[in-house]
Every structure is written in C-alpha cells, then in structure tokens.
Colleague: 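Please read through the structure below; I'll follow up with questions.
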Amino acid sequence: MSRFLDKLFARFNIYREPGYYGKYDYKWTIVIDLDKCDGCEACVIACHAENNLPVVGEEECSKNRAFNWIRIERYVEGEYPDVKVKFIPILCQQCGKARCEVGCPTYATYHNQDGLNVQVYNRCIGTFTCATYCPYDVRHFNWFSYKWDAPLEQQLNPDVTVREKGVMEKCTFCIQRIRAGKDHAKDEGRKIMDGEIQPACVQTCPAGAMTFGDLNDPESMVSKLAKSERRYRLFEDLNTDPSVIYLKRVMK
Amino acid sequence: MSGNITYKEINDDVINAMTRTGPLYYVVLAIVSLLTVLLFFLPWVYQIKTGQGVTGLNNPSYWGVYLVNFVFWVGVAHAGTLISAMLYITHTPWRRSVHRSAETMTFFALIISVFFIMIHMGRVWNFYWVLPYPNQRTIWTNFISPLIFDVFAIGTYFLSSLIFLYFGLIPDIAAIRHRAIGWRRKLYEALSLGWRGTDREWYIRDKAYMLFSVLIMPLVVSVHSVVSWDFALGIVPGLHKTIFAPYFVTGALYSGFAGVVLLISILRRVQNSAKYITERHYDKIGIMLLALSLLWSYLTILEIVMGLTSHSSFELEHLRYKLLNPGFAGMTAIMMFSNTILPLSLAIRKIRVSITCQCIISIFILSGMWLERFLIFGTALPRKFLPYAWHDYHPGWVEIAITAGSFFLFILMFMIFMKIFPVISITEVKEEIGMPTERGT
C-alpha cells in the first residue's frame, strides 16, 4: 500500500514541480523581436490560411468576434502629428501554468507532453470558462457554424479540423506541423532539429521577427535569443509562465 | 395565528385551496404557459440551432446575462434551506406556515438555475459530460475545475432539497389522501408510502427530519461559496477576490428572503391563507431582511475598498469602469438605493408589518440583487488585462427574452405545484396550535 502511495505521490509531484516540462522532450517556444516587427499582419493572414479560420465579416468583427489566433495589437501614443504607434503580436502564450486548464470541466484543454496547451474540440462543451480565465484574451469561440464562400472552401487545410458551433479554439503553435515533424524525426531515429519545423506565422514573417524552437535544447536559436537582455514575458507577475518570449523594442 | 383554528378547518382550508379551482386559475395558467414557451423555450431552441452568436456575448465578455440569472436563481434558492433547516434546529416557531413555500421555491429556483447553466453552454447536447461516470469515450471530468465543484455542490443541494421537501410532505399527503379521488388518490397513496401516523412513525420521522436539517445546514454556506469560486478562482480583475464567498452567500440569503416575502404574500392572496401567515411572520422576516441588508452593505463597501487598496492597475481600471462609467454608475446607485437605503426603513415596525410595504421593498431588493450580479460580470469581463481587447457587453434580445421567460417558468411550475401538493404544511400548523381538547375538532 505504501509503495503504491509513494508511486502515486511521485507521479503527482511531477506536476506540482515548477518547470516540470523541462523533463519532457521539447519545450516549444516562440521568441518575438519587437524591434523587427513592423505590424504588417502577414502572420495573421498565414494563420487564417493554415488553420481554417473563418472570415466573419464587418458586423461580427465590430462585436469583437473576429477569429485572430494571432493578432497585432496597436497602441497609439501621443497626438497627431507627434504620433507613435507600437505593435505587439499577441497569440496564445502556451502558459506553463495555464489558467484555462484549471477552468475546463471536461479536460478539453490540457497540457501535452511538449509543454503546449492543447484544445480538444470534440471534448469542448462551451462553458466559456477557459476564455474568461485567460488573461491574454486569445481564445476564440465559434458563435455560429461558419461557411466559406465559393472558392474558399476548396483551400481548407486537410490537416486541421473545421470547428463547429459552440466550440472554443485558440492558437496551437501549428500542432499539425509539430506532429508531422515528430513523426518524420522518429522514423529517422533522431530528435527534431532546430528550425526543421515552423508554425505558419513564423514561416511567413517577412521581417524575421519571430523564431520558433525548443527551449530545452541549449543550442537552439530560441535558447540563444531568450538570453537577450531585452527579454520579457507578458504579465510575468500573474505567474502564468508563458512560452512566448518578447524582446523589448528599443529603437525609436 | 389566531388561537381558535380547529384541525378540521386546517384540513379543509388546505384541501380546498388545492382542489377548488376557478376559471381565473386556468386563464392565468394558459397565459403563463404561453409566455413561458414564447419567451423561454422558443428563444432557447433558436439559440441552440443557430449558435451562441445570437446573444450579445463577445470576446472578452464571455459571461453575460445567463450567468447573472444562474447566480440570481441559485441565490433565490437559498432561503428555503435556511428557513427549513436552520430555523428548524433552533425551534423558531414562525417558520411553520412559510417553510413549505420556501422549500418549494428552493427546488424550482434550482431547476431554473440548472436550466441557465445549460442555456449558457455552447454545446448543451453534451451537458452530461460534466458528470463523472465510467464510460468508453475516455471522457473524465477535471476535478480541479471550479465548474466541477459546482456540479457537485448544486447536485447535492438539488437532491437534499428534494428529499427534504418530500420528507416534510409525507404526513401531509397521508392526511389528504383519504379525501382525494381519481388520479390524485392514486398519486397520494403511492407518495405517502403507507403512512399511518403511529407514534413510532412520528418518532422516526422527527429524528430523520432533525438529522437532515443538520446535514443540510452546511449547504446553506457551501453552495453559494462554491458558485462564487467559479468566478473568484479565475484571475480576472474584479472577480479574483477572497471576499467573494461570504459576499455571495449573504447576497443569496438576502435575495432568497425577499423572494420568500413575495411568494407568501401572493399565496396569502390567492389561497386565502391570511390566518396562517400573519403580521408576526412579516415582522420576523422583516428583521431578518434588515440584518442581511446591513451585512450585505458592509460587504459591498468592503469589496470596493479592497479594490481601491489592491495596488493593481487592472483592478483600479475595473473600478473606474464600474463606478465612473455613467451607465454602470447609475446601476450602482440604483443597487445601493434598493439594497442598502430602502431596507433601512424595515427598522420601523409599522413598515415591517405592512404587507404592501414589505412586498415593494422585496421587489426592490430582488431587482437590486439582480443588478449586483450584472454589475459583477458586466464590468469585470469587458475590462480584462489587455486594453486592445476591451469590449463592452450589451445583452441581445434572446438573452433578455429568456431572462423574462425564466420568471414565467417559475410561476408556471409553482402554479402547478400548488394544485397538487399543499403549500402550507398541515402537520406543522397543527403542531403549532397544539392538541385538540374537545371532541370533533
């Protein structure tokens, strides 16, 4: 009995330890260099194409119901002509200690073995709790079953589910690409190499502001960038341990 | 209660109220049923078919009027248990003629609150997935989720209040079964479980009733605490507060008592039960309302003060939105007037014993409590962390219709109940007037 309990507590304690995902295979991270970001929104378009995001139209957008798994937030400072606009791309931060996972009653959102928050659409019953708990407002709800206009339904990505009404969804770090990359690497008996896979937004970014990689690998590009002095994470004081690292904008 | 009521009179009064039904009842019943279907069920079906987009919910404000109604109805459900259990244990005599109505109110209000959880859900057809039961689909519930706490808290409360209500009904059903005919007789004979009224049966029933009262008492505190944790365990500024559990429990009891006042006043009118529900009952409930009003006001002010001293810019932004935005400031003013200032008049005995005054104050309290819940969700979620995502919330017509429809649903359920079961406890009223001393009474 005591051995069983020890085993049980040992397993339980793995999850209590901060940074337990350090023991896992990968710790996927995106580093966003705000010095390089010019707010062109190419990442937004790429995300829409890759992840079958519906385009909802003007009226729904005015109700803040646009599907932007990644969005460019604009903050304007000062009055014309002395205006400064700052951009920050916000996507799901894939928190290590995610609030959304606490809220979900059916495990529709959970932490996977790569340190990602995964959303299982089939399990979601639409209680909105995850989206309410999320401090970054990056979760999006399917208010209706959306239709794509005539030629557009031909370009849906077959690797990604088309969601029905009543389901919550969010950025997955393009988990379909990660899965394919892992399969490929497993067949060749190796780990995924740095830069081998990229989410759609990272791949598209013309300025090269975004970098994707494994933070557990000290030689990876993201690990090197993450040591930068400009490094910060969004709302660090909320103790959510996000996986998206921003590099502070210093250029005027 | 006047001292010269006989046992026979009580039996007659209660049974006549159940069986003698005028045409007015049927007219009202038809109108209420029609309104329930039109305002409650049809909009809900429309929402299920179309999607949650028919509501006014949007990206940061995912919680709206539906959850306001859920919290409101759970709150209304609270006084029932308090009256039946806590006041039973303390042997408070004035509970006797009002406790059945209060328990019924608890039960029906809980049904409506469960309805509102379902209405709130995006995929309501999968509602049963929140119940932990072994299945082949590898679906299991997340026990650290406050929503699962809620499933257990409300499930327990639902079952206990049903058992409690039924337990109190058994001797009453037994008393009226002999005077009933047709389907009523069959129903009452089945439900009275062969009660004969022997000394031993009474002894066992009283023991069990006391045991249930003790068991159910923690639920008065626990259910609404758990409901408050749904909100307080998130990190949304304005909801993430340790004060929420006592604040919600107090608010629940407060609105529950106001609901009881309204309900017994209506029953007193339509059922001719003025001799059972007297000035004394209104006096005592008025004192209770006054005490709860003072406690609630203290906690409300404390909540704002806690926000002001939080040293968090998010919290301050939320408070600025809540208190300085003209619309919400108006709502806050109405809430404070109807929940804090107006109930102070209950300190005067004349107002306490005046049924009209108490009813008006209760309507104000109920609307004030609804506004309180609306202010909690309507101001916290539109002002979350990132200013770019801020967006105001305005309820859509479906939400407003369903909100109005839920009141008609409550009236409908109560109207049907009061014709099938006695809403004044025959047994307990008889207990109050004591044993008859003359033959034939």
Side-chain angles (χ1 to χ4, degrees), chain A residues 15 56 59-68 71-75 87-88 90 99-110 120-146 164-168 234-235 237-240, chain B residues 48-64 66-67 117 120-130 137-151 230-231 233-237 239 312 314 377 380-382 384-392 394:
Chain A
Y15 297 96
V56 292
E59 197 193 328
E60 288 291 292
C61 277
S62 69
K63 290 182 190 162
N64 245 24
R65 289 175 179 178
F67 280 80
N68 295 325
R71 62 172 185 262
I72 308 290
E73 296 201 345
R74 295 180 295 274
Y75 291 103
F87 304 108
I88 179 167
I90 304 277
R99 298 305 307 171
C100 52
E101 291 166 13
V102 177
C104 183
T106 53
Y107 278 124
T109 177
Y110 73 100
V120 187
Y121 306 123
N122 281 338
R123 273 190 182 182
C124 179
I125 53 172
T127 63
F128 303 102
T129 320
C130 51
T132 316
Y133 283 10
C134 175
Y136 308 101
D137 296 322
V138 289
R139 287 177 160 268
H140 298 276
F141 186 73
N142 285 273
W143 301 100
F144 304 100
S145 285
Y146 294 98
E164 71 158 345
K165 65 171 185 257
V167 168
M168 197 60 79
L234 212 52
F235 299 144
D237 54 328
L238 294 178
N239 204 19
T240 50
Chain B
I48 291 172
K49 290 204 83 151
T50 321
Q52 293 289 66
V54 298
T55 62
L57 302 171
N58 55 54
N59 191 344
S61 344
Y62 277 108
W63 282 345
Y66 292 150
L67 276 200
I117 300 178
H120 166 77
M121 272 186 181
R123 299 208 298 172
V124 63
W125 47 95
N126 294 331
F127 178 72
Y128 61 98
W129 288 3
V130 297
R137 293 167 291 120
T138 64
I139 292 204
W140 190 241
T141 52
N142 179 9
F143 283 102
I144 57 168
S145 161
L147 271 77
I148 291 298
F149 306 172
D150 234 19
V151 171
D230 283 356
F231 317 117
L233 289 185
I235 46 172
V236 183
L239 297 180
S312 149
F314 306 121
F377 298 114
L381 292 171
K384 271 166 80 181
F385 295 93
L386 288 167
Y388 184 83
W390 288 353
H391 200 266
D392 292 350
H394 303 285

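Labels below follow one simple rule: chain letters A, B, ... track the order of the sequence lines, proteins then strands, and each chain is numbered from 1.
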Colleague: Could you report the tightest heavy-atom contact between A:Y110 and A:Y107, atom names first, then the distance?
Modeller: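 In this case the closest contact between A:Y110 and A:Y107 is CD2-O, 4.1 Å.
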Colleague: Relative to chain A, which segment of B:L381 carries a heavy atom at a distance below 4.5 Å: side chain, backbone, both, or neither?
Modeller: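 The side chain, not the backbone.
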Colleague: How close do B:K49 and A:K165 get, heavy atom to heavy atom, and via which atoms?
Modeller: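 Closest pair (atom of B:K49, atom of A:K165, distance): O-NZ, 3.2 Å.
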Colleague: Output the option from A:I90, A:V120, A:T240, A:N122 having the highest count of non-hydrogen pairs under 4.5 Å with chain B.
Modeller: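 Sorted descending by pairs with chain B, the first entry is A:N122.
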Colleague: What residue in A:A66, A:C124, A:C100 has the most heavy-atom pairs under 4.5 Å with chain B?
Modeller: A:C124
Colleague: For the interface with chain A, which of B:I148, B:I144, B:L386 has the highest count of heavy-atom pairs at distances below 4.5 Å?
Modeller: B:L386
Colleague: Anything under 30° is parallel, anything over 60° is perpendicular, the rest tilted; go ahead and classify A:F141 against A:F128.
Modeller: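 Aromatic pair A:F141/A:F128 classed tilted.
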Colleague: With a 4.5 angstrom heavy-atom cut-off, which part of B:I48 approaches chain A: side chain, backbone, both or neither?
Modeller: backbone
Colleague: In terms of the angle between their ring planes, are B:F314 and A:F235 parallel, tilted or perpendicular, with boundaries placed at 30° and 60°?
Modeller: perpendicular
Colleague: Tell me, for B:I117 versus chain A, whether the close heavy atoms (under 4.5 Å) come from the side chain, the backbone, both or neither.
Modeller: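 No part of B:I117 comes within 4.5 Å of chain A.
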Colleague: Which pairs count as salt bridge (Lys or Arg N to Asp or Glu O under 4.0 Å) when at least one residue sits in residues 132-142 of chain A, sequence neighbours excluded?
Modeller: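 Residue pairs with at least one partner in residues 132-142 of chain A: A:D137-B:K384.
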Colleague: I need the residue from A:V102, A:T132, A:T127 with the largest number of non-hydrogen atom pairs under 4.5 Å to chain B.
Modeller: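 Most heavy-atom pairs under 4.5 Å with chain B: A:T132.
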Colleague: Let me know if A:R99 has heavy atoms under 4.5 Å from chain B in its side chain, its backbone, both or neither.
Modeller: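 Looking at A:R99, just its side chain touches chain B.
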Colleague: Closest heavy-atom contact between A:A108 and A:C104?
Modeller: N-SG, 3.2 Å
Colleague: Which heavy atom in B:T55 sits nearest to a heavy atom in A:W143, and how many Å separate them?
Modeller: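 Of all heavy-atom pairs spanning B:T55 and A:W143, the closest is OG1-CZ3, 4.4 Å.
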Colleague: Tell me which of these, B:P146, B:G53, B:A380, B:G122, has more heavy-atom pairs under 4.5 Å with chain A than the rest.
Modeller: B:G53
Colleague: Which region of A:S62, side chain (C-beta onward) or backbone (N, CA, C, O), has a non-hydrogen atom less than 4.5 Å from a non-hydrogen atom of chain B, or is it both or neither?
Modeller: backbone
Colleague: Considering only heavy atoms, which portion of B:S61 lies under 4.5 Å from any heavy atom of chain A: side chain, backbone, both, or neither?
Modeller: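 Nothing of B:S61, per the 4.5 Å heavy-atom cut-off to chain A.
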Colleague: Would you please name every residue forming a side-chain contact (heavy atoms from CB on, under 4.5 Å) with B:H391, sequence neighbours left out?
Modeller: A:N64, B:N58, B:P60
Colleague: If you count heavy-atom pairs under 4.5 Å with chain B, which of A:E60, A:H140, A:E73, A:R74 comes out on top?
Modeller: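 It is A:E73.
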Colleague: Under 4.5 Å, counting heavy-atom pairs only, tell me which of B:L239, B:T141, B:I235, B:V236 racks up the most with chain A.
Modeller: B:I235
Colleague: Of all of B:A389, B:S145, B:G51, which one pairs up most often with chain A through heavy atoms under 4.5 Å apart?
Modeller: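 It is B:S145.
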Colleague: Just verifying a value: how many Å separate A:T129 OG1 and B:Y62 OH, rounded to the nearest 0.5 Å?
Modeller: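 Output value for this atom pair is 12.0 Å.
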Colleague: Identify which part of B:P237 has an atom lying under 4.5 Å from any heavy atom of chain A, answering side chain, backbone, both or neither.
Modeller: neither
Colleague: Find the distance between CZ (A:R71) and CD1 (A:I88) and round it off to the nearest 0.5 Å.
Modeller: 10.0 Å
